[in-house]
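For reference, the structure is listed below as structure tokens.
The residues of the chain are indexed from 1 along the displayed sequence.
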Amino acid sequence: MLVRAGRKHDSGAMRVLTVAPRVDRRTREFVPDFATQLLRCVLQVRHRWGGYTSCMLEKLPEVIGQALQGVRAGLDNIVFNTLGMREGMGSVELASTAFADHAPLPARHTADGEGVSPPLQWRGLPAGTASLLLIVEDADSPTPNPLVHAIVVELEPENGTLVEGAIPSQDNEGAPGLHVGRNSALQTLWLPPDPPPGHGVHRYAFQLFALGLNTAFSETPGRDEVVDVLREHAIASGLLVGTYERSDGAIKIPNVEPQGGSAMAV
């Protein structure tokens, strides 16, 4: 099977990209290397609206999503679960008025709708919280590490909320003054959930961390920088999971209880 995709250059010409999957002859399953190649291919299949570039995973054939159903980054690999938090670290209650924990995200917050970031609320911050950090990851992306959909650093603890659309996205400037980091498409934007058709349920992990010190971040911090800072200065954390899927829903991902954080009832 060959996956062929095109990318329009500024000249209007279309270049054809070909990715040939490797198959384990014994199990007849696609190997993870194909998933990585496929993602690289998809990240080059783009439409441009002004300065905004959107990945178009919804354009993948459903058969590709079905073939990759067993290839997932995994909830164990999100930042929340890989930091090796110190014992006794506090928890932050994180919630949204748009969706409940482990419930579906409304389409308006995804690539199938307006693509604006959902509203978030938090409470229960420990004493000594100097600032907050938010990172949103897709635990089920067919990649070695979860796909980063948004990073926001230096959030003011006393605000208690991010309103809908606060993180900039397509056709949305976002709230003024936010320090936004890079998503996996190397954009300082909210990357709307955009799972491949037929790949099953994707879990989007909204992770909020309380920092004990005001930390100077780079202009556009990425995941690695965020993880380094969190290892040194995180004093509490919270986790909220929203789900989204396209097309073939035959394979479901069971709910997994968060480890260490708690979702806030609203």
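Residues passing the salt bridge (Lys or Arg N to Asp or Glu O under 4.0 Å) test with Glu114, sequence neighbours excluded: Arg108. Residues satisfying the side-chain contact (heavy atoms from CB on, under 4.5 Å) test with Ser131, not counting sequence neighbours, are Leu211, Asn214. Scanning for side-chain hydrogen bond (donor to acceptor under 3.5 Å, both in side chains) contacts around Ser141 gives Thr143, with sequence neighbours left out. Remark: Pro126 pairs with Thr129, Ala210, Ile235, Ala236 by the side-chain contact (heavy atoms from CB on, under 4.5 Å) rule, at least two apart or across chains. Considering only residues two or more places apart in sequence or on other chains, Tyr204 meets the ring-ring contact (aromatic ring centres under 6.0 Å, His included) condition with His149. Take Thr161 and apply the side-chain contact (heavy atoms from CB on, under 4.5 Å) test, not counting sequence neighbours, and it matches Gln121. Looking at residues two or more places apart in sequence or on another chain, you find a side-chain contact (heavy atoms from CB on, under 4.5 Å) between Ala103 and Ala100.
Under the 4.5 Å side-chain criterion, counting only non-hydrogen atoms from C-beta, Pro118 is in contact with His109. The closest side-chain heavy-atom distance from Leu155 to Leu178 is below 4.5 Å. By the 4.5 Å heavy-atom criterion applied to side chains, Glu158 and Leu125 are not counted as neighbours. Taking the side chain as every heavy atom from C-beta outward, Pro195 and Tyr244 approach each other to under 4.5 Å. Within the 4.5 Å cutoff, the side chain of Leu133 has no heavy atoms near those of the Val152 side chain. For the pair Leu230 and Val79, the minimum side-chain heavy-atom distance is below 4.5 Å. Within the 4.5 Å cutoff, no side-chain heavy atoms of Val180 are placed close to those of Trp190. Side-chain contact between Ile135 and Phe209 is present, with heavy atoms from C-beta onward closer than 4.5 Å.
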*Stepwise, does the side chain to side chain contact (heavy atoms under 4.5 Å, CB included) test hold for Leu120 with Leu240?*
CA-CA 9 Å; Leu120 297 171; Leu240 174 68; 4.0 Å; yes
_Show, in sequence, the C-alpha distance, side-chain angles and deciding distance for Phe80 and Phe206, and conclude whether the ring-ring contact (aromatic ring centres under 6.0 Å, His included) test is met._
CA-CA 9 Å; Phe80 185 90; Phe206 294 75; over 10 Å; no
*Would Val92 and Leu132 count as a side chain to side chain contact (heavy atoms under 4.5 Å, CB included) if you check the C-alpha gap in whole Å, the side-chain angles of each, and the deciding distance to 0.1 Å?*
CA-CA 10 Å; Val92 177; Leu132 299 174; 5.6 Å; no
_As a quick check of understanding, evaluate side chain to side chain contact (heavy atoms under 4.5 Å, CB included) for Arg246 and Asp194, giving each step before the final call._
CA-CA 9 Å; Arg246 281 200 181 101; Asp194 187 19; 2.9 Å; yes
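When every heavy atom of Ala111 is checked against every heavy atom of Pro192, the shortest pair comes out as N-CB, 3.4 Å. The shortest heavy-atom contact between Glu245 and Gly200 is CB-O, 3.3 Å. When all heavy atoms of Val148 and Leu191 are compared, the pair lying nearest together is O-CD2, 4.0 Å. Minimum heavy-atom separation, Gly165 to Val116: CA-CB, 4.2 Å.
A side-chain donor-acceptor contact under 3.5 Å links Ser96 to the backbone of Pro119. Side chain of Arg182 to backbone of Thr220: a donor-acceptor contact under 3.5 angstrom is found. In this structure a side-chain-to-backbone donor-acceptor pair under 3.5 Å is present from Trp122 to Pro157. Without hydrogens or angle criteria, Asn81 side chain to Leu75 main chain gives a donor-acceptor distance under 3.5 Å. A donor-acceptor pair under 3.5 Å links the side-chain atoms of Arg231 to the main chain of Leu83, judged by distance alone. Gln187 places no side-chain N or O within 3.5 Å of a backbone atom of Ala185 that could act as its donor or acceptor partner. Listed for the Asn77 side chain is no donor-acceptor partner under 3.5 Å among the backbone atoms of Asn145.
Applying the salt bridge (Lys or Arg N to Asp or Glu O under 4.0 Å) test to pairs two or more places apart or on separate chains, those with a residue in residues 214-229 are Glu137-Arg223. Pairs engaging residues 167-189 under the ring-ring contact (aromatic ring centres under 6.0 Å, His included) rule: none recorded [sequence neighbours left out]. Among residues at least two apart or in separate chains, there is no salt bridge (Lys or Arg N to Asp or Glu O under 4.0 Å) pair with a member in residues 144-155.
Residue Leu134 forms a side-chain contact (heavy atoms from CB on, under 4.5 Å) with just one option from Val226, Ile151, Leu208, and that option is Leu208. Exactly one residue among Thr243, Asp140, Asp138 makes a side-chain hydrogen bond (donor to acceptor under 3.5 Å, both in side chains) with Arg203. That residue is Asp140.
A distance of 11.5 Å separates CG of Asp112 from CG of Leu105, quoted to the nearest 0.5 Å. With rounding to the nearest 0.5 angstrom, the OG atom of Ser169 is 11.0 Å from the CG atom of Asn183.
Residues Leu189 and Leu186 do not share a hydrophobic cluster, clusters being chains of Ile/Leu/Val/Met/Phe/Trp/Tyr side chains in contact below 4.5 Å. Connection of Leu94 to Val163 is not established within any shared hydrophobic cluster, with ILVMFWY side chains joined at heavy-atom distances below 4.5 Å, either directly or through further cluster members.
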